[in-house]
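A short write-up of the structure that comes next.
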Amino acid sequence: MKVVIALGGNAILKPKQKATFENQLENVRKSCAYIAQIIRDGHQVVVTHGNGPQVGNILRQNEEAKNIVPPFPLDVCSAESQGFIGYMMDQSLKNELNKLGLEKSVVSMLTQTVVSEDDEAFQHPTKPIGVFYSEEEARRLASEKGWVVEEDAGRGYRRVVPSPQPQTILGSETIKSLTENGAVVIASGGGGIPVIQTDAGEIKGIEAVIDKDRSGLKLAQEVDADVFMILTDVSNVYLHYGQPNQKVLEFVELGEAKQYMEEGHFSAGSMGPKMEAAIQFAETGKTAIICSLEDACLALEGKAGTRIASKETIHS
Ligand code: ADP
Ligand code: MG
């Protein structure tokens, strides 16, 4: 099967861990050991991943050193984070495949994701990123750079950026053919570098962040994947999550999934976008899986995790 795997933040940096290169590489190595098992089982694999903490730290480096080295815009920071995470994954995956005696080529692709300038997200930025500022500094940056800044839960002021819908992943036809030719491709990290396309066909970077579950869905659709897998830090999706009456979900038919979505079981900033992406993928007659990294292999066999699909395909 052709599988697109979207790795959550946890696969690169655990909450409260210090963001050293060594810590991140060690996490990525462990994550890649699980992905290597999926490849060993004979599946064609495309990997995508988040970059929230990493791009936040790069922005901070830029901000703190701005009097020494001119700071780069957000799309460039996104490219930097995609580059270094891609490097860690590419290397780790090669090493893990090598341990299993599998000769596979692994490539990491710096990917741009097209968004629309007319996306209403540009009128209502929602995603807080980077460092905290004092009120005074925040006001100055807002007028100097045209940033939107907002008070963040009593912790200070933060820049907020738009999170537009991904429209298309540039180069997905190449990702598709590389995958079908036996390569493992790492692509569209951090949702991809946000770009807009002008009427004249020119592409250029824009300051925004793209949700990796949404861009993962686009990627899965564009490479014509059979399975879209979202690997996160919980083993399953639940109803009444975190409540005493919490109920685990294993096989969820499309209709049920939509109903649970409407009933508000999935939080907006975390499980919501995953279920939304899973539902949209399942609408095309394919299978979406949400599970933990550790359970990925079993989940592909239908023995773990939460599976979302149409009535016709859910048990196939
Ligand atoms: P990632 O970095 O993998 O994208 P997120 O933190 O965005 O992870 O999303 C995973 C989190 O979603 C879980 O750790 C859990 O706290 C939260 N969550 C919210 N609603 C649910 C639900 N209904 N079932 C399971 N987890 C949920
Ligand atoms: Mg997270």
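Below, each value reflects all heavy atoms present in this structure, side chains not excepted, and no hydrogens, waters or symmetry copies. Numbering of ligands and ligand atoms starts at 1, following listing order.
Here the options are T306, I230, L300, the test is side chain to side chain contact (heavy atoms under 4.5 Å, CB included), and the partner is I289; only L300 passes.
Shown in contact with G9 at under 4.0 Å from a heavy atom are these atoms of ligand 1, numbered in order with element: 1 (P), 2 (O), 3 (O). Each of the atoms 5 (P), 7 (O), 9 (O), 11 (C), 12 (O), 17 (C), 18 (N), 19 (C) of ligand 1 lies under 4.0 Å from some heavy atom of S270. Using a 4.0 Å cut-off to heavy atoms of M271, the atoms of ligand 1 that qualify are 12 (O), 18 (N), 19 (C), 20 (N), 21 (C), 22 (C), 25 (C), 26 (N), 27 (C). Less than 4.0 angstrom separates some heavy atom of T232 from each of these atoms of ligand 1: 1 (P), 3 (O), 8 (O), 9 (O), 10 (C). Residue contact check: H265 has heavy atoms under 4.0 Å from atoms 23 (N) of ligand 1. Close approach to G8 involves these atoms of ligand 1, each under 4.0 Å from a residue heavy atom: 1 (P), 2 (O), 3 (O). Near N236, meaning under 4.0 Å from any of its heavy atoms, are these atoms of ligand 1: 25 (C).
Ion pairing between a basic and an acidic side chain is recognised when a charged N comes within 4.0 Å of a carboxylate O; E63 and R60 show no such pairing. Salt-bridge annotation for K286 and D224: present, with a side-chain N of the basic residue lying under 4.0 Å from a carboxylate O of the acidic one. Look at K176 and E180 and you find a salt bridge, because one of the NZ, NE, NH1 or NH2 atoms lies within 4.0 Å of a carboxylate O, short of that distance. A salt bridge links D213 with K274: the closest approach of a Lys/Arg side-chain nitrogen to an acidic carboxylate oxygen falls below 4.0 angstrom.
In this structure, R158 satisfies the cation-pi test against F132, with its NZ or CZ atom closer than 6.0 Å to the six-membered ring centre and inside 45 degrees of the ring normal.
Not a single heavy atom of H240 sits less than 4.0 Å from an atom of ligand 1. Under a 4.0 angstrom heavy-atom cut-off, M275 registers as lying outside contact with ligand 1. In this structure, L239 has no heavy atom closer than 4.0 Å to ligand 1. Ligand 1 lies nowhere less than 4.0 angstrom from a heavy atom belonging to G50.
Around atom CZ of F251, more than 12 heavy atoms belonging to other residues, nucleotides or ligands sit under 6.0 Å away.
Closest to atom 15 (C) of ligand 1 by heavy atom, among Y238, F266, Y241, is Y241. Summarising the contacts of atom 13 (C) of ligand 1 with V237, D233, L13, T306, the nearest heavy atom is found in D233.
Between H265 and Y260, the ring planes are perpendicular. Angles over 60° get that label, and only those under 30° would be called parallel.
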* **Step-by-step side chain to side chain donor-acceptor pair (under 3.5 Å) determination, S108 to D90** => CA-CA 6 Å; S108 163; D90 188 321; 4.8 Å; no

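Contacts with ligand 1 closer than 4.0 Å are made by no heavy atom of L7, backbone or side chain.
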